[in-house]
**Student:** 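Can you keep this structure in mind? I'll have questions shortly.
The residues of the chain are indexed from 1 along the displayed sequence.
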Amino acid sequence: MNMLQYTFSLPTTIRFGVGAVKEAGVCAKSLGATHVMIVADQGVIRAGLIRDVETSLRDADIPYTYYDKIVPNPRDYHCVEGYETARAAGIDCLVAVGGGSSMDTAKAIGTLLTHGGRVQDWCGADKLLRPITPLIAIPTTAGTGSETTLAAVVTDTKTHEKYALNDPVLRPKYAVLDPELTVGLPPHITSTTGMDALTHAVEAY
């Protein structure tokens with residue numbers, strides 16, 4: 001009887017628990033970070049969800065810069081702008097806080113920091129030549145899953161198409177899962193992202 005052969009790899013280190021977000025600085029330090037870019041949308045920042053991230057980075061003596069132009073269905077030009085900001089600041093570690101759009105934007109920024117070119121150049125499967133800039137993903141919703149996946153979806157604003165980068169090196173080095181970050185979400189976001197997570201679980205089952 002022939003058996004299906006397959007390879008499964010999940011290299012992301014997952015830190016879960018109440019208060020886990022306070023370990024973001026420790027995670028960044030372990031990656032050798034000297035200057036971090038926090039990638040988060042303005043709503044997440046206004047809600048104060050990155051305060052513990054900031055505190056932990058300061059405690060680890062790691063300076064940080066923000067990139068907050070995050071929108072649903074990340075735009076290619078925002079990824080390029082984030083990359084240019086990161087390159088000018090000498091960023092060597094990314095911390096994405098929020099939903100899938102923040103994480104996908106950060107993955108694209110990390111790709112451009114290590115590969116150059118356009119985001120579109122790296123669209124497709126297994127095209128990346130080396131690891132991207134180390135990424136720490138801190139989700140604030142239940143439903144994204146991008147904190148452990150090998151994909152990033154970006155919108156081409158000229159063709160109005162969505163395209164995906166798919167490569168194992170896109171996976172974040174750390175996924176920091178702190179349930180307290182989801183407590184203050186608006187009810188409709190809690191319900192829709194909860195259903196997203198449930199749907200993935202049912203599909204897997």
**Student:** Do Val44 and Leu135 share a hydrophobic cluster (ILVMFWY, side-chain heavy atoms under 4.5 Å, transitive)?
**Tutor:** no

**Student:** I need the single residue from Leu128, Asn166, Asp167 that forms a side chain to side chain contact (heavy atoms under 4.5 Å, CB included) with Leu150. Which is it?
**Tutor:** Asn166

**Student:** State yes or no: do Val95 and Val26 share one hydrophobic cluster built from I, L, V, M, F, W and Y residues joined by side-chain heavy-atom distances below 4.5 Å, directly or via other members?
**Tutor:** no

**Student:** Looking at side-chain heavy atoms only, is the closest gap between Asp178 and Ile138 below 4.5 Å?
**Tutor:** no

**Student:** If hydrophobic clusters are built from ILVMFWY residues whose side chains come within less than 4.5 Å, do Tyr64 and Ile136 share one?
**Tutor:** yes

**Student:** Considering only heavy atoms from C-beta outward, does the side chain of Tyr174 approach that of Pro134 to under 4.5 Å?
**Tutor:** no

**Student:** Would you find a donor on one side and an acceptor on the other, under 3.5 Å apart, between the side chain of Trp122 and the backbone of Ala108?
**Tutor:** no

**Student:** Please name the pair of heavy atoms, one in Gly117 and one in Leu112, separated by the smallest distance, quoted to 0.1 Å.
**Tutor:** O-CD2, 3.5 Å

**Student:** Within the structure provided, determine whether Val71 and Ser101 are in side-chain contact (heavy-atom separation under 4.5 Å).
**Tutor:** no

**Student:** Does the Asp68 side chain pair with the main chain of Ala40, one donor and one acceptor, at a distance under 3.5 Å?
**Tutor:** no

**Student:** Are Leu113 and Ile62 connected, step by step, through hydrophobic side chains (Ile, Leu, Val, Met, Phe, Trp, Tyr) whose heavy atoms are closer than 4.5 Å?
**Tutor:** no

**Student:** Is a side-chain N or O of Thr12 found less than 3.5 angstrom from the main chain of Pro172, in a donor-acceptor match?
**Tutor:** yes

**Student:** Is the closest side-chain heavy-atom distance between Arg87 and Thr85 below 4.5 Å?
**Tutor:** no

**Student:** In terms of hydrophobic clusters joined by side-chain contacts under 4.5 Å, are Val53 and Met103 together?
**Tutor:** no

**Student:** Does the side chain to side chain donor-acceptor pair (under 3.5 Å) test come out yes or no for Tyr67 and Glu81, once each step is laid out?
**Tutor:** CA-CA 9 Å; Tyr67 185 70; Glu81 184 180 72; 2.8 Å; yes

**Student:** Counting only heavy atoms from other residues, nucleotides and ligands, does the tally under 6.0 Å from CZ of Arg58 exceed 12?
**Tutor:** yes

**Student:** Check each of Arg118, Arg75, Gln120 against Asp156 using the side chain to side chain donor-acceptor pair (under 3.5 Å) test, and report the only one that passes.
**Tutor:** Gln120

**Student:** Taking side chain to side chain contact (heavy atoms under 4.5 Å, CB included) as the criterion, tell me which of Ile50, Val183, Val97, Ile189 meets it with Thr140.
**Tutor:** Val97

**Student:** Does a side-chain heavy-atom distance below 4.5 Å link Thr157 with Tyr77?
**Tutor:** yes

**Student:** Under the side-chain hydrogen bond (donor to acceptor under 3.5 Å, both in side chains) definition, can you give me all pairs with a residue in residues 102-113, not counting sequence neighbours?
**Tutor:** Asp104-Ser146, Lys107-Ser146, Lys107-Thr149

**Student:** In terms of side-chain heavy atoms, does Thr155 have a donor or acceptor partner in His160 at a distance below 3.5 Å?
**Tutor:** no

**Student:** Which residues pass the side chain to side chain donor-acceptor pair (under 3.5 Å) test with Thr13, not counting sequence neighbours?
**Tutor:** none

**Student:** Testing the 3.5 Å rule here: is there a donor-acceptor pair between the side chains of Thr34 and Asp92?
**Tutor:** yes

**Student:** Could you tell me whether a side-chain N or O of Asp41 sits under 3.5 Å from a main-chain N or O of Ile70, the two making a donor and an acceptor?
**Tutor:** no

**Student:** Once salt bridge (charged side-chain N to carboxylate O under 4.0 Å, His left out) is applied, what residue pairs with a partner in residues 11-20 remain, sequence neighbours excluded?
**Tutor:** Arg15-Glu23

